[in-house]
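Whatever order the structure lists ligands and atoms in, that order sets their numbers, starting from 1. Sequence positions, counted from 1, serve as the residue numbers for this chain. In this text, all values refer to a predicted model and were calculated from it rather than measured experimentally. What you see below is based on every heavy atom in this structure, not just the backbone, and it leaves out hydrogens, waters and symmetry mates.
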Amino acid sequence: MTVTDLNVDDMMTPYPNKVLKNRKKHIVAKTDGAASCPQIEANTRTVPGIISQRGCCYAGCKGVVVGPIKDMITITHGPIGCGYYSWGTRRNKARADDRTPPEHIFSAMCFSTDMQESDIVFGGEKKLAKMIDEVVEIFHPRAINICSTCPIGLIGDDLGAVSKAAEEKHGIPIIHYNCEGYKGVSQSAGHHIANNQIMEKMVGTGTDGPAGDRVINILGEYNIGGDGWEIERILEDIGYTVNSILTGDSAYANIKNLHSANLNLVQCHRSINYIAEMMETKYGIPWLKVNFIGVEATIATLRDVAQCFGDEDLIAQTEVVIERELAAITPELERYRSICKGKTAFTFVGGSRSHHYQYLLKDLGMEVVVAGYEFAHRDDYEGRDVIPTIKSDADSKNIPELHLEADPDMYEEPNLHLNMSKEKYDELVEAGHFATYDGMYPDMVDGGVMIDDPNHYETEELIEIFHPDLIFSGIRDKYISHKMGVPSKQLHSYDYSGPYAGFRGSIIFAKDVANALSTPAWQMITPPWDKTETEGGD
Ligand code: CFN
């Protein structure tokens, strides 16, 4: 099957005309190796009634960005369901370190005001204030986050006022997020709201950041299954000081010193570009789009980072580490590669992994024939350069843009924080670094399909059409593909595995994929809908 045979109209026959017209705009095929990406509709409202894979604004703010900050207590203000279902499922790992002792690690706990009917009727502000008193008394956190859920916006509790009063009472930062689930069209709105508050209330408030001229932050890395730790291991081995990983295994104690870095690396562009850009404006700290998923991608990234610093020792040490790491993984990787080679896959994840994992799959000789993002924006598909004005969120009417002034003491030239000439900086920008970002399209194979906000029905259809050997997705479509006889691996939580990033992660990933591809279980399945009544009866 190639995309030339894919007839979107046929695939979507059951849709009413209006829905067909809408959904067609969200699918783009790459034919004849066309270099320029056709326009794709993204970051718009899901058609009501369609079972989308998306999450909500609260999920993007609490679940993705602020929840993992380990030394903060994050209170979900709302009925218990939102707190409970966002508890622990993302596998963002955290551990104690020099700055954060074990008793200050709260990220594995779940805190909620558990709003009841009478609180909804009479207001929940008093209950929230009382809860803040309790958590301060019991846990003594350094700072607190309060995340709003849908009903809070509807009843109009004033989180700003409650936080301000509690801050004065307890003398610690209490940061609130108006991230009601209904805002915007997906998680993406929540990322933006979280970024704004972190930038306004945390970054720049610390004075005890690491010194040195090789200090970096890794933005948009959430330490799922330990990815952040593998990346940190490699970077520290080369000689960098990692100040903070945002927000995987991160601490308030480090985030407030984010501005001490010489360079920001951006792993997940979708969820964190706002902070990267605001820090460039305010502090003159440049940022570099990176990818630590895939062996070749990691190598290219490490070389790019070293080039940014332009230091001969770092450049040399980078090559030493690359050589050593490659020697350690290559024989095993080759073994798995011989199993994986030539196989095809779908990647359906939220906002950046569907692209990033294509590099690792390429290392294994696999081809991604269909790739979809749940909530990405057009630049994640088409690239930043081809879209002249980025409208950061279609939902931005709900999200006040922060207008940050450049700090005159910090900011003279964009290269101030790097020991690099202006010419070198321009050269790197020209080569695609810093403010530029390529979307997924250039990396799609010829005959591949990009699909935005794919839904359950379309996933089934695409499986029938393309017969992929493996599907990378989330929990919601995992079991339907199993029933269709296609192995599925979760790329959000990595099921129970990981890390998958960097050098060591690639081996774990390759092993998991080779296992999934070589088990005979998938040929033995008769899906429930193909069973006769006797076979399927209960
Ligand atoms: S860890 Fe990230 S990498 S933050 Fe984002 S866009 Fe989600 S939780 Mo699930 S796996 Fe996914 Fe990305 Fe960035 Fe994760 S692809 S959907 S909101 N995501």
Side-chain angles (χ1 to χ4, degrees), residues 42-43 52-69 85-94 107 179 181 184-195 198 218-228 231 245-250 265-276 289-294 297 346-360 368 371-377 379-381 393 395 437 439-440 450-454 472-478 489-495 497-501 505 509:
N43 193 30
S52 158
Q53 311 287 7
R54 283 174 164 175
C56 66
C57 179
Y58 161 83
C61 181
K62 190 269 181 184
V64 174
V65 182
V66 304
I69 303 173
Y85 286 105
S86 58
W87 178 24
T89 50
R90 189 153 165 264
R91 303 189 67 243
N92 42 270
K93 297 183 169 212
S107 45
C179 56
V185 299
S186 70
Q187 291 95 313
S188 183
H191 299 149
H192 200 158
I193 289 168
N195 276 227
I198 289 175
I218 308 167
L219 308 183
E221 168 48 54
Y222 300 90
N223 203 31
I224 312 299
D227 277 353
I231 297 169
I245 301 179
L246 225 64
T247 53
D249 193 26
S250 68
L265 308 186
V266 175
Q267 169 70 21
C268 169
H269 166 267
R270 182 64 275 133
S271 59
I272 215 102
N273 67 79
Y274 318 96
I275 286 180
K289 178 73 194 76
V290 296
N291 180 20
F292 287 100
I293 302 294
F346 287 3
T347 52
F348 287 160
V349 213
S352 66
R353 294 188 169 182
S354 300
H355 181 199
H356 287 155
Y357 273 84
Q358 295 196 16
Y359 292 83
L360 184 44
V368 172
Y373 290 132
E374 289 168 21
F375 52 77
H377 298 200
D379 54 321
D380 299 302
Y381 296 98
D393 273 274
D395 36 42
Y437 171 60
M440 180 201 269
M450 296 193 309
I451 180 165
D452 176 68
D453 187 18
F472 295 97
S473 69
I475 191 74
R476 291 173 221 172
D477 33 12
K478 182 180 176 76
K489 178 89 204 120
Q490 288 195 70
L491 265 202
H492 300 258
S493 66
Y494 303 162
D495 292 303
S497 190
Y500 285 164
F509 179 81

*Which ligand 1 atoms, with their elements, are less than 4.0 angstrom from a heavy-atom of Ser271?*
4 (S), 13 (Fe)
_With a cutoff of 4.0 Å, is His191 in contact with ligand 1, counting heavy atoms of the residue only?_
yes
*Can Lys93 and Asp249 be counted as an ion pair, charged N to O under 4.0 angstrom?*
no
*Interfacing atoms of ligand 1 (cut-off 4.0 Å, heavy-atom, Gly350)*: 11 (Fe), 15 (S), 16 (S)
*Given side chains that start at C-beta, do those of Arg91 and His492 come closer than 4.5 Å, heavy atoms only?*
no
*Proximity of Tyr381 and His377 rings by center, below 6.0 Å*: no
_What protein heavy atom lies closest to atom 4 (S) of ligand 1? Include the residue and the distance to one decimal._
Tyr222 CE1, 3.3 Å
*Backbone N or O of His191 within a donor-acceptor pair of the Asn195 side chain at under 3.5 Å?*
yes
_Students should be able to answer this: which protein heavy-atom is nearest to atom 13 (Fe) of ligand 1, and at what distance?_
Cys268 SG, 2.2 Å
*Does a donor on one side chain and an acceptor on the other come within less than 3.5 Å for Asp227 and Tyr494?*
yes
_Test item: Thr247 and Glu221 side chains (from C-beta on) under 4.5 Å apart, heavy atoms_ = no
*Check each heavy atom of Gln187 against ligand 1 and say whether those closer than 4.0 Å belong to the side chain, the backbone, both or neither.*
neither
*asked:* Taking 4.0 angstrom as the limit and counting only heavy atoms of Gly351, give me the atoms of ligand 1 inside it, by number and element.
replied: 6 (S), 12 (Fe), 15 (S)
*Provide the number and element of each atom of ligand 1 under 4.0 Å from a heavy atom of Val349.*
10 (S), 11 (Fe), 15 (S)
*Heavy-atom contacts with Phe375 under 4.0 Å: which atoms of ligand 1 show up? List them by number with element.*
5 (Fe), 6 (S), 16 (S), 17 (S)
*With backbone taken as N, CA, C and O and side chain as the heavy atoms from C-beta onward, which portion of Ser352 lies under 4.0 Å from ligand 1: side chain, backbone, both, or neither?*
both
*So, does Asp380 use its side chain to make a donor-acceptor pair with the main chain of Ala376 at under 3.5 Å?*
no
*Around atom 8 (S) of ligand 1, find the nearest protein heavy atom and jot down its residue, atom name and distance.*
Arg90 NE, 3.0 Å
*Is there side-chain contact between Gln267 and Asn291, with heavy atoms separated by less than 4.5 Å?*
yes
*Would a search of protein heavy atoms around atom 6 (S) of ligand 1 find one under 4.0 Å away?*
yes
*asked:* What protein heavy atom lies closest to atom 9 (Mo) of ligand 1? Include the residue and the distance to one decimal.
replied: His492 ND1, 2.3 Å
*Could you check if a side-chain atom of Asn223 sits within less than 4.5 angstrom of a side-chain atom of Pro68, using non-hydrogen atoms only?*
no
